[in-house]
**Student:** 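Provided herewith is a single structure, encoded as structure tokens, for subsequent inquiry.
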Amino acid sequence: MAEKLVLFEHRHLPGVETAAVYETVGGYEGLRRALQMTPAGVIEEIKVSGLQGRGGAGFPTWIKWNGMLGNPPGDRYVVCNADEGEPGTFKDRELMLRFPHMIVEGMAIAGHATGSATGYIYIRGEFTEPADAIRRAVDEAYERGYLGEGIRTDGSRFDIHVHLGAGSYECGEETALMSSLMGERGQPRAKPPHAPLPVVAGLWRRPTLINNVETYACAPHILRRGGAWYASMGTERAKGTKIFSVSGHVARPGNYEIELGTPLLELLDMAGGVTGGALKAIIPGGSSVPILPAAKCTDVRLDYDGCRAAGTMLGSGGCMVFNETTDIVKLMWVTARFYAHESCGKCTPCREGTRWMAKIMDRIVQGKGRPEDPDLLVSVCNNIDGRSYCPLGDAAAWPIRASVLQYRDEYEHWVRHKTSPVGEHSVPKVA
Amino acid sequence: MSQVEFVNITIDGTTVQVPAGEMVIESARRVGIEIPHFCYHPRLTMEAGANCRMCLVEVSMPRKNPDGTLALARMPKPQTSCSLPAAEGMVIETETPMIVEARKGMLEFLLINHPLDCPICDRGGECPLQNNTMHYGAATTRFVEEKRHPPKAYPLSKYVIFDRERCIHCARCTRFASDISGDAQLDFLKRGADMEVSSFRDTEFTSLYSGNVIEVCPVGALLSRPYRFTARPWDLSTQKSICTECSNGCNIKLDHRAGKLLRVNARLNEEVNEEWTCDQGKFGMDYASHEKRLRRPLIRDGAVFREVSWDEALTHVATALSEAGPAAAFLGGARSSNEDLFVLRRLFQEVLGSQNMDHRLGPAYPSAADVRAALGSQSPTPIAAYERMTTIIVFGCDLAVELPILYLRVRKAAVRRGAKVIECQPSSYRERPHANKVTDFAHSSIWYEPGQETAIAEALAHVMTGGRDPGASDGASDAAASLPNAVAEANVEFGSAIPRLDDGPIAIIIGRDVWSRSLSVPATLKAAADKMGTPCVINTYACSVNEQGARELGILPDGSVQASAPGLNADQILHGLKDGTVKALWVSGVDIASQFHDPELVTQSLEQAPFVVVTALDLNRTATMADVVLPLASVAEYDGTYTSMERRVQRFHQAFDAGVDVREEWRIAANVGMRLGVDMPYASWRDIFGAIATSERAFAECTPDNLGDGGRLLADRNNEDSR
Amino acid sequence: MTHDRTDPAYARRFSPDAVRELEELVARYPQRKAAMLPALWIAQREYGGEITAEAMEEVAHRLGVPPVEVEGVASFYTMYNLKKRGRKHIEVCACLTCAVLDSASVIHALEQRLGIKAGETTADGEYSLSEAECLNWCEAGTVVQVGHRYYGNVTAEDVDRLLDDIAGDPRNDVVTHADTVVRVQLRGGCKGRPRPSAEVEADRG
Ligand SMILES: Cc1cc2nc3c(=O)[nH]c(=O)nc-3n(C[C@H](O)[C@H](O)[C@H](O)COP(=O)(O)O)c2cc1C
Ligand code: SF4
Ligand code: FES
């Protein structure tokens, strides 16, 4: 199999980030079609397409959109999650730089489908260039009538405001994103069964739709070419295409759009294969998902079920490839430090547990590990997993636990010999 | 209010019916199961809660099978019972192996950075963290790293010390500050394991309610500075009492040891103070075990006092009073118990034949009869009832200072229930430095200069009764345009438009400075509310702890049905002492030399007075000018009742023996009476309270035994003949 | 706690332009407080690249929130400088992919060249150096962010060229960074619901 280009079809078309060029390849046709349909009709099309959220959890998109419709009248909001912070993921970044209008169009479609007049796009603070691209697109979209009242004839309107984050991974979690957007500390808010879903009571307790950049980017294509067409791609239980960000020890790192269900090793081939030695492991879906040793990579298909069957997850599609020089313990030390740095601090297990794990890992890679440390790590992970306020705690526990279970010998080597099992040229280096 | 819906849920095998939406942690209590927790607090909002993760339970919900039958589906993750609303058919398990494990894990997390300095922690012995660790924790630690070491014992304010090391980040204090007191001076800074509670840049925590965070903190992180290191909780005895710092009648607990009052904590009373105290109440009651307490009666001997026996002192007093007879007078009493006042009144009316008595210390008060005439009869209004007001007008009253606990209710009414609060305040209140101001939640704030009160009241009444721009449709009246001339001339600054008042109960709280100068303010507003046709409460509140009791018991020149002619009021009494028409003065429990509106007059009068007896806790300024000084028992040292601002009679109990020769004022008065030949054979507060209930209409339904822990509202004045 | 918005004691450093900018941002949300993050960006610019206590008080006053809440927000996010930083802030990604592609050697080389450790600022106040969490351009690891610019595929050998490049370019300054962020933010997406406040109207004359 090769790449299957839907979102990226015109990736190399010069000027595709401008409205004028974007329009020449079908841009804003989806929105025009949507505006001629009823909200329910648009949502039906999304339902037929089988689109699932591309932000990590793979939740069926139409159910969220549909959930907005049941609410009593009043203000509602469409929010685009452009906080892309999952280590190993950089697809939203490229989408925003190359196809900002696709995102604007997708949000406008969602605005019509859910009866919302206001959209916010929450872009992580570090992404100044993507944010610039989006702002230019928003301006152009106003000029051309795609935003504001513009091409609408029913008196409705749709506005998009850019909102910049300021440095916090947790703000990608949808309820923390809402806190941040409302001017608060980026800490998560209650969800079912403790509180209603955001589509019932989100921003300012009003119905709020939150989707990932890539999810919105799919909407124009589905509306333009039909849900059935979209559903013809992918597998029975995972429709369409998905962008994977491939990085690490590969010849051609970058974003690859493939049909869901494509074998993992084919994706690896597309990226030019492993460099600098034999394949050791792959983390297929961003730093939050369990690591796959090379031996387990062979049969994995890249869809939600396939990844789950292999003991990992599709996540956000941040596929990181590691060759045999990679020291898994040091890799996980970097991971543990990341989560300790990004824990918001609200709940006990994540606040204390992530810092504790980072300290244990610090010790191990400094040659001060103790024989009981691998078991202690697993136990700490178990005490976080499933018990934190939001899934960041789980996301910190899963990869570490999986690494101890899969690479116990490497941990034991570190503890016993105070050095890397991979030898002195192991990566990453201890800074 | 909508009908409460009930659902059936099963907790550890017991099925129970609970209101839908009740938090499962509460439902569990109904079946006798206490789920361990730290951050949960029923009065604090959930938004920042559910963070300690200690109260996890396993939850199963009924799901429909394809064939229509019901099956239980267990949720994949445990859920926090403190934030889980009960729903029909829910099945809760609180002790599964997974939950036991989870609790152990959570405690381990909480303790890895906790200093474990329980032996030197004030909270030791009454610490939820300590207790839960005993019950649910592991015996050993697996944490070998360096702990966090933020500064210890950081003084946040005059009263509160913060030991950051011990903080478990439960957000109770920060939620108290934002949800309850509303000053929002505490919040979290930073994130992750570096997160910490702080005031802005560590500036002083100036909330008038700061002491409550000590009580809500589940560990020894927030501590009382006065109490620090004074005792271990298991060495303390506790007694139920009433706060004497103002007239709210807050229910408190006195913690004491060896005849010393060491700590004041709130005692739950949903109708009055819920579970809060103000700082004045919590930290201001140190007088009870103050070193300066009087120990023996004193008699003036030229320029100095001589310690004497009670017998000698009382004989002296009895002689002087009987010589004065109807020319004797009585001032103060607003801090004495109902029983004290009743016996004192009998002494003056029956024994001496004098109606010269006044508990009021402010200037030129309207007489009791004037007040009744202006306002008509008033029903008692519990503090809790303010929560249900639609409109609350605060007129010339720095609420958080004068009625701190009522302030919390008014704020709750505004913030949680959407009541419209309108404040009309002297513009000097704007500069008051404290952190709790009605302005923060008021719908409108109207600032005036002294002297403009009547004009403001008229303007408000004008708006209330519909004198508004008829075109105004947005709810705000065009008040300034349609106001009476008086207001326009007064050039009053209207902070913002006065809102259109909704139908529904109105409470009007009027400061003493306002109504004591001019009854027309309450009268105008009352008339306007009556014209609107809405129920209206006018609160011309009492200030001192038992000032309302003094009103009820008629410690007033015109306050008694027994008296044929009115006696002298406070000013007249003091002038009478100067010109010789008043021959003896009894000052009860109040330092009139400092607190009377005209201290100069007090000094002159007392200097020229033929005879002055003062009852007091310590040698205050008035006492130094007396002929006889009698040492009083403090509230912690005897039993009795007070009547609070809302006309609630409440019991206070003796906590300890002062260890010095002090007496209750009623005992003193009865003894003097006996020496003058009138038998007042009271053995305890109960006897006197029984007598009050028999002779005073308002107290008719009270008995010493039916006051309960929460007190009892006096009978409606409507049923009372005018006195 | 609300402060009196007309009280000059709290309005210290925001220029009339900045006030107008803030009010236009405020108009995008149903509540003033929602403009907290943009307001802090503006404050960081107006106060010379550092969010001082006065800056937080000014934000608190302009948005009508308690100052400690502003401090809570400002200290939560990593991109607000609560301490003075160098004019150019060099952030080297040290997260997974970049770590694997040897970002440690880049950091090391920069430390040598600048004579400071990661987390420090040069004595002349020109450069700050930090390790960053994933900057999410992993295909180009090692990634370095300076001000609003990203540099990709950086190796230890590139460090001299990197420093030469950023030295002369004011776009890399921390202060300019905030400036760009906020000013550019204004260009896009503010056409909806124009609701200038009285304050803005006054500024416009
Ligand atoms: C810790 C954490 C970080 C997340 N970060 C992101 C993110 O950066 N971008 C994103 O789109 N979703 C992120 N998510 C997922 C969102 O919570 C949410 O599921 C997603 O935005 C929903 O959009 P979708 O339905 O289109 O996938 C994160 C989730 C967690 C728990
Ligand atoms: S100080 Fe106490 S109340 Fe406040 S967060 Fe810490 S543990 Fe909780
Ligand atoms: S790991 Fe460095 S940019 Fe992704």
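Keep in mind that the numbers below use all heavy atoms, side chains included, and drop hydrogens, waters and symmetry copies. Each chain gets a letter, A, B and so on, in the order the sequences are listed, and its residues count up from 1.
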**Student:** Hey, does A/Val427 have a side-chain heavy atom less than 4.5 Å from the side chain of C/Asp102?
**Tutor:**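 Side chain of C/Asp102 against side chain of A/Val427, heavy atoms only: no contact under 4.5 Å found.
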
**Student:** So with a 6.0 Å cut-off around CZ of A/Arg11, is the heavy-atom count from everything else above 12?
**Tutor:**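 Yes, because the 6.0 Å sphere around CZ of A/Arg11 holds more than 12 heavy atoms from other groups.
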
**Student:** Could you go step by step and tell me if C/Leu101 and A/His249 meet the side chain to side chain contact (heavy atoms under 4.5 Å, CB included) rule?
**Tutor:** CA-CA 8 Å; C/Leu101 299 175; A/His249 297 134; 4.2 Å; yes

**Student:** Does any heavy atom of chain C fall under 4.5 Å from the side chain of A/Cys171, the backbone, both, or neither of them?
**Tutor:**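 The answer is the side chain of A/Cys171.
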
**Student:** Are the side chains of C/Phe76 and A/Ser180 in touch, meaning some heavy atoms are under 4.5 Å apart?
**Tutor:**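 SC-SC contact between C/Phe76 and A/Ser180 ruled out.
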
**Student:** Any chance the side chains of C/Tyr29 and A/His163 put a donor and an acceptor closer than 3.5 Å?
**Tutor:**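 Yes, a side-chain donor-acceptor pair sits under 3.5 Å.
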
**Student:** Check the side chains of A/Thr128 and C/Tyr150 for a donor-acceptor pair under 3.5 angstrom, ignoring hydrogens and angles.
**Tutor:**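 Their side chains do not contain a donor-acceptor pair, so the 3.5 Å distance test is not met.
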
**Student:** Return the minimal non-hydrogen interatomic distance between A/Tyr77 and C/Pro30, and the atom names on each side.
**Tutor:**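 Reported closest heavy-atom pair: OH-CG, 3.4 Å.
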
**Student:** Is the shortest heavy-atom distance from the side chain of A/Leu164 to the side chain of C/Leu37 under 4.5 Å?
**Tutor:**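 Result no, sub-4.5 Å side-chain heavy-atom pair not found.
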
**Student:** Go through A/Gly248, A/Gly186, A/Gly148, A/Gly276 and name the one with the most non-hydrogen pairs under 4.5 angstrom from chain C.
**Tutor:**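 Answer, by heavy-atom pair count under 4.5 Å with chain C: A/Gly186.
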
**Student:** Please find the pair of heavy atoms, one from C/Tyr77 and one from A/Arg185, that lie closest to each other, and give the distance.
**Tutor:**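 So the minimum-distance heavy-atom pair works out to OH-C, 3.8 Å.
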
**Student:** In terms of heavy-atom pairs under 4.5 Å with chain C, which of A/Ser287, A/Ala271, A/Gly85, A/Ala137 leads?
**Tutor:**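 Max contact count across the listed options: A/Gly85.
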
**Student:** Determine, step by step, whether C/Thr78 and A/Tyr169 satisfy the side chain to side chain contact (heavy atoms under 4.5 Å, CB included) criterion, reporting the C-alpha distance in whole Å, the side-chain angles of both residues, the deciding distance to 0.1 Å, and the verdict.
**Tutor:** CA-CA 10 Å; C/Thr78 55; A/Tyr169 164 69; over 6 Å; no

**Student:** Is there a side-chain contact between C/Trp137 and A/Arg93, using heavy atoms and a 4.5 Å cut-off?
**Tutor:**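 When only atoms from C-beta onward are counted, A/Arg93 and C/Trp137 do touch, with a gap below 4.5 Å.
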
**Student:** If you tally heavy-atom pairs under 4.5 Å against chain C, which of A/Leu147, A/Asn255, A/Leu181, A/Thr325 wins?
**Tutor:**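 With the most close heavy-atom pairs to chain C, the winner is A/Leu181.
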
**Student:** Is the shortest distance from a Lys or Arg side-chain nitrogen in A/Glu184 or C/Lys33 to a carboxylate oxygen in the other one below 4.0 Å?
**Tutor:**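 Salt bridge present between A/Glu184 and C/Lys33.
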
**Student:** For a 4.5 angstrom cut-off between non-hydrogen side-chain atoms, does C/Asn136 reach A/Arg124?
**Tutor:**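 The answer is yes, as the side chains (C-beta and beyond) meet within the 4.5 Å cut-off.
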
**Student:** Given side chain to side chain contact (heavy atoms under 4.5 Å, CB included), test C/Met79 with A/Glu126 step by step and report yes or no.
**Tutor:** CA-CA 8 Å; C/Met79 294 178 75; A/Glu126 292 89 342; 3.7 Å; yes

**Student:** If every non-hydrogen atom of C/Cys134 is compared with every non-hydrogen atom of A/Pro87, which pair is closest and at what distance?
**Tutor:**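 Reported closest heavy-atom pair: SG-CA, 3.5 Å.
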
**Student:** Rounded to the nearest 0.5 Å, what's the gap from CE on A/Met320 to SG on C/Cys138? Could you check?
**Tutor:**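 SG of C/Cys138 is found 7.0 Å from CE of A/Met320.
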
**Student:** Return the minimal non-hydrogen interatomic distance between C/Val100 and A/Pro428, and the atom names on each side.
**Tutor:**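 Smallest heavy-atom distance, with atoms named: N-CB, 4.0 Å.
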
**Student:** Thinking salt bridges, do A/Lys91 and C/Glu139 make one under a 4.0 Å N-O criterion?
**Tutor:**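 No salt bridge links A/Lys91 with C/Glu139.
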
**Student:** Does any backbone or side-chain atom of A/Glu170 lie under 4.5 Å from a heavy atom of chain C? Answer side chain, backbone, both or neither.
**Tutor:**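 Neither part; nothing is under 4.5 Å.
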
**Student:** For the CG atom of C/Leu135 and the CZ atom of A/Phe127, what is their distance to the nearest 0.5 Å?
**Tutor:**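 The CG atom of C/Leu135 sits 8.5 Å away from the CZ atom of A/Phe127.
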
**Student:** Mind listing the closest non-hydrogen atom pair of A/Val334 and C/Ala94 along with its distance?
**Tutor:**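 Scanning both residues completely, I find the closest heavy atoms to be CG1-O, 3.5 Å.
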
**Student:** Got C/Gln31 and A/Met182 here, is their nearest side-chain heavy-atom distance under 4.5 Å?
**Tutor:**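 They are not in contact (no side-chain heavy atoms under 4.5 Å apart), so the answer is no.
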
**Student:** Is it the backbone or the side chain of A/Ser245 that comes under 4.5 Å from a heavy atom of chain C, or both, or neither?
**Tutor:**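 For A/Ser245, no heavy atom lies under 4.5 Å from chain C.
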
